[in-house]
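Written below as structure tokens is the structure these notes are about.
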Amino acid sequence: MDIPLSTIAVVGLGTMGTGIAEVLARAGREVIGIDISDAAARHAVTALEASTARAVERERITEEERRNILARFRTFSDLQAAAEADLVIEVVPESYEAKQQVIQALDTVVRPETIIATGTNALSVTRLAADSARPERVLGLHFFNPAPAMKLVEVVSSVLTAPHAVEAVTVLARDLGKEPVAVGDRPGFVADGLLFGYLNQAAAMYEAKYASREDIDAAMKLGCGLPMGPLALLDLIGIDTARTVLDAMYAESHDRLHAPAPILKQLSEAGLTGRKSGRGFYTYEAPDSAAVVRDALTPLEAAQSAGGRPVASVGVAGSGTMASGIAEVFAKAGYDVVLAARGQEKAETAKSRIAKSLSRSVDKGRMTSEAREETLARITPAGSLDAFAEVDLALEAVAEDLEIKQQLFATLDKICKPGAVLATTTSSLPVVACARATSRPQDVIGMHFFNPAPAMKLVEIVRTVLTSDDVHATVREVTTRIRKHPVDCGDRAGFIVNALLFPYLNNAIKMVEEHYASLDDIDAAMKLGGGYPMGPFELLDVVGLDVSLAIEKVLHREFRDPGLAPAPLLEHLVAAGCLGRKTGRGFREYARR
């Protein structure tokens, strides 16, 4: 019995086309590679020879298997070579004109039953199909780069696509070892539809000089566990490609989040398209190199924070998970810590939580029993903020309520000695509003830790227009001493991470509301196609839907962008008490412990 779709033509042998051809040939398909450029065809063959040679060296395939793979890949310069194909996948440049020419030419070459797949990630599959003589056999087959490594394949059907064509390519994708996700026809589909809005916002954040490129990228890698920061990823994808995708998305959605940031146009038109040109947001050793080299915007590695205040003792206000986690971090780094709560019993309970955490570290071999006892000895539980009278740094981690925080800062203002740095761990409230509750706003700054504080390496350092330089320098130095990575940002809603993360999560919810894709398919798409450690709905349920809604509301109020309005489905779930894992039900249901 013949393998379904046994002979497949790939039109366009650039990086993506070559990668797809390799995947197909390795899976036993006869592959017809077609490109008008003889050089591109030769390069594709060379690339396949090199990758299969490496596979033999690593004993993943035998030499005989390698010879068979190479024999299954033939290259041609004429579309007529696709006449015997069961499936044609076009991956020519991302323009309607180029793709329409290929599809219309294929109409005159291939058999009536041959399926034609477009590899577009930005253009309308429906529009491309409509110009075909047989629109029912045209669909989208969106691989991700690098195709041999990335597991996700989006199977895109239009209102014109025949179900049997969708079924055939879905079976093929699984046979290739990929994870097919069925999606409808809209710009960006699922993965890029969510990814490019986030990348666009990151570019706009950088363009506004809110944070440096290094800090934006470090924040998203360390704060969200992403494999690459957004600006480095834009350079990898190609800034011109990103602009094309965003233009197509904006034409469809008219959502300002998809309107390409002006810097993308400026860089594209200057030829600074990212790695492929040797320069984009970053500067690279050479075109197509991954090695970043120093340029005029690179921060000086030897630059030290000068003029900071001495810090030997730290006060942490609060008794919850974040407060105890921060106290643990400072005590581990050698600081004397006063952990103050509303009452001595709450403070003792918080210290007991730290003791258990340290014991787990001992059990896992991460610290000695002696170090555990030394760390615990540095923590003094207190039932009142009066114990902060002599601390050098007072840091609050109480409820995310502005009135509560302002009252606390007014109290710290009276208790703490002159020169003490006062810090808030708020993730969404204005730091300056806390500062104005004191008589010394120049001493107030934001230190946004991420949960769990002992494990997460990122601290967003948020200075207000009133924060003094020496306070900023002090907090940067302290953050480094507690072995965290500091990133600088201004005092606006969401800072870096939440301002980029939560619009992405909100857009994922909107996709479900519109019945465009399922929870499972969206989560799979972002994990497999975007390298995210968790899908958006997994993450929302972990964070808590009530917390997510509160942050969305703050972002919407601050930026007044209609696209940031919380998705109604999120509001409905919160109103129903479905808050995620902590209540046993959010976007999914969980077994109660």
Side-chain angles (χ1 to χ4, degrees), residues 222-223 305 308-341 346-362 366-368 370-398 405 408-409 412 415-417 419-427 431 443-462 471-487:
L222 297 175
S305 295
R309 303 177 186 180
V311 175
S313 58
V314 177
V316 180
S319 58
T321 305
M322 182 59 83
S324 57
I326 292 170
E328 178 182 331
V329 166
F330 276 98
K332 278 181 179 174
Y335 289 94
D336 291 326
V337 179
V338 178
L339 179 55
K346 282 183 176 289
E348 296 284 358
T349 300
K351 183 173 179 178
S352 296
R353 187 184 299 122
I354 296 170
K356 289 177 182 175
S357 173
L358 295 174
S359 293
R360 287 193 293 272
S361 294
V362 172
R366 293 174 182 167
M367 71 187 310
T368 64
E370 199 172 69
R372 173 188 181 275
E373 295 310 314
E374 289 173 358
T375 301
L376 276 176
R378 295 188 195 107
I379 301 171
T380 303
S384 164
L385 290 174
D386 291 338
F388 284 7
E390 295 302 318
V391 301
D392 303 309
L393 166 64
L395 195 151
E396 69 77 19
V398 299
K405 289 186 187 290
L408 187 144
F409 271 88
L412 292 177
I415 292 170
C416 293
K417 66 185 181 184
V421 175
L422 311 181
T424 172
T425 62
T426 183
S427 62
V431 177
D443 291 341
V444 179
I445 195 166
M447 288 183 74
H448 179 212
F449 287 77
F450 288 74
N451 207 12
M456 298 294 281
K457 293 296 184 186
L458 180 68
V459 177
E460 291 177 319
I461 297 178
V462 188
V471 164
H472 174 249
T474 300
V475 171
R476 278 195 65 89
E477 183 181 341
V478 165
T479 302
T480 302
R481 281 184 61 188
I482 61 174
R483 295 186 284 279
K484 302 296 182 187
H485 185 100
V487 298

Check step by step if side-chain contact (heavy atoms from CB on, under 4.5 Å) holds for Ile326 and Met447.
CA-CA 11 Å; Ile326 292 170; Met447 288 183 74; over 6 Å; no
Before giving the answer on side-chain contact (heavy atoms from CB on, under 4.5 Å), spell out for Val431 and Thr426 the whole-Å C-alpha distance, their side-chain angles and the decisive distance to 0.1 Å.
CA-CA 8 Å; Val431 177; Thr426 183; 4.1 Å; yes
List the steps, then state whether side-chain contact (heavy atoms from CB on, under 4.5 Å) holds for Leu222 with Phe450.
CA-CA 9 Å; Leu222 297 175; Phe450 288 74; over 6 Å; no
For Val337 and Glu328: C-alpha separation, side-chain torsions, deciding distance, then whether side-chain contact (heavy atoms from CB on, under 4.5 Å) applies.
CA-CA 9 Å; Val337 179; Glu328 178 182 331; over 6 Å; no
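With rounding to the nearest 0.5 angstrom, the CD1 atom of Ile461 is 4.0 Å from the OG1 atom of Thr479. With rounding to the nearest 0.5 angstrom, the CD atom of Glu373 is 9.5 Å from the OG1 atom of Thr368. Atom NZ of Lys346 is separated from atom OG of Ser319 by 5.0 Å, given to the nearest 0.5 angstrom. Separation of atoms CZ (Arg353) and OG (Ser324) is listed at 4.0 Å; rounding is to 0.5 Å. Atoms NZ and OG, on Lys332 and Ser357 in that order, are 5.5 Å from each other to the nearest 0.5 Å. The line from OG1 of Thr375 to OH of Tyr335 is 14.0 Å long, rounded to the nearest 0.5 Å.
Heavy atoms only, all atoms of each residue included: Ala340 and Leu385 are closest at CB-CD2, 4.2 Å. In plain terms, the two heavy atoms of Ala453 and Gly325 that are nearest each other are CB-C, 3.8 Å. Looking at every heavy atom in both residues, Ala333 comes nearest to Arg483 through CA-NH2, 4.2 Å. Between Lys417 and Glu390 the shortest heavy-atom distance is NZ-O, 3.3 Å. Scanning all heavy atoms of the two residues, the minimum distance from Ala341 to Gly318 falls at CB-O, 4.3 Å. Here the closest heavy-atom approach between residue Met456 and residue Gly223 is recorded as CE-O, 3.5 Å.
Asp392 places a side-chain N or O within donor-acceptor distance of the main-chain N or O of Ser313, the cut-off being under 3.5 Å. In terms of modelled atom types and a separation under 3.5 Å, the side chain of Arg378 and the main chain of Ala331 share a donor-acceptor contact. Put simply, the side chain of Lys484 never gets that close to the backbone of Val459: no donor and acceptor are under 3.5 Å apart. Of the possible polar contacts, one joining the Lys351 side chain to the Leu376 backbone as a donor-acceptor pair under 3.5 Å is found. Side-chain N or O atoms of Thr474 include one that pairs as donor or acceptor with a backbone N or O of Arg309 at under 3.5 Å. Side-chain atoms of Thr380 never come within 3.5 Å of backbone atoms of Val338 as a donor-acceptor pair (strictly under, hydrogens ignored). Of the possible polar contacts, one joining the Thr480 side chain to the Arg476 backbone as a donor-acceptor pair under 3.5 Å is found.
Annotation: side chain of Val398 is in contact with side chain of Lys405 (closest heavy-atom distance under 4.5 Å). Contact annotation: the side chain of Phe330 never approaches that of Ile379 to less than 4.5 Å [non-hydrogen atoms, C-beta and beyond]. Between Val462 and Ile445, every side-chain heavy-atom pair lies at or beyond the 4.5 Å cut-off. Taking the side chain as every heavy atom from C-beta outward, Val314 and Val391 never approach each other to under 4.5 Å. Proximity of Leu393 to Phe388: side-chain heavy atoms (C-beta onward) are nowhere separated by under 4.5 Å. For the pair Glu396/Phe409, a side-chain contact is recorded, criterion being any heavy-atom separation below 4.5 Å from C-beta on. Annotation: side chain of Val421 is not in contact with side chain of Asp443 (no heavy-atom distance under 4.5 Å). Side-chain contact between Leu339 and Ile354 is present, with heavy atoms from C-beta onward closer than 4.5 Å.
A side-chain donor-acceptor contact under 3.5 Å links Ser359 and Arg372.
Taking a cutoff of 4.0 Å between a charged side-chain nitrogen and a carboxylate oxygen, Glu477 and Arg481 do not qualify as a salt bridge.
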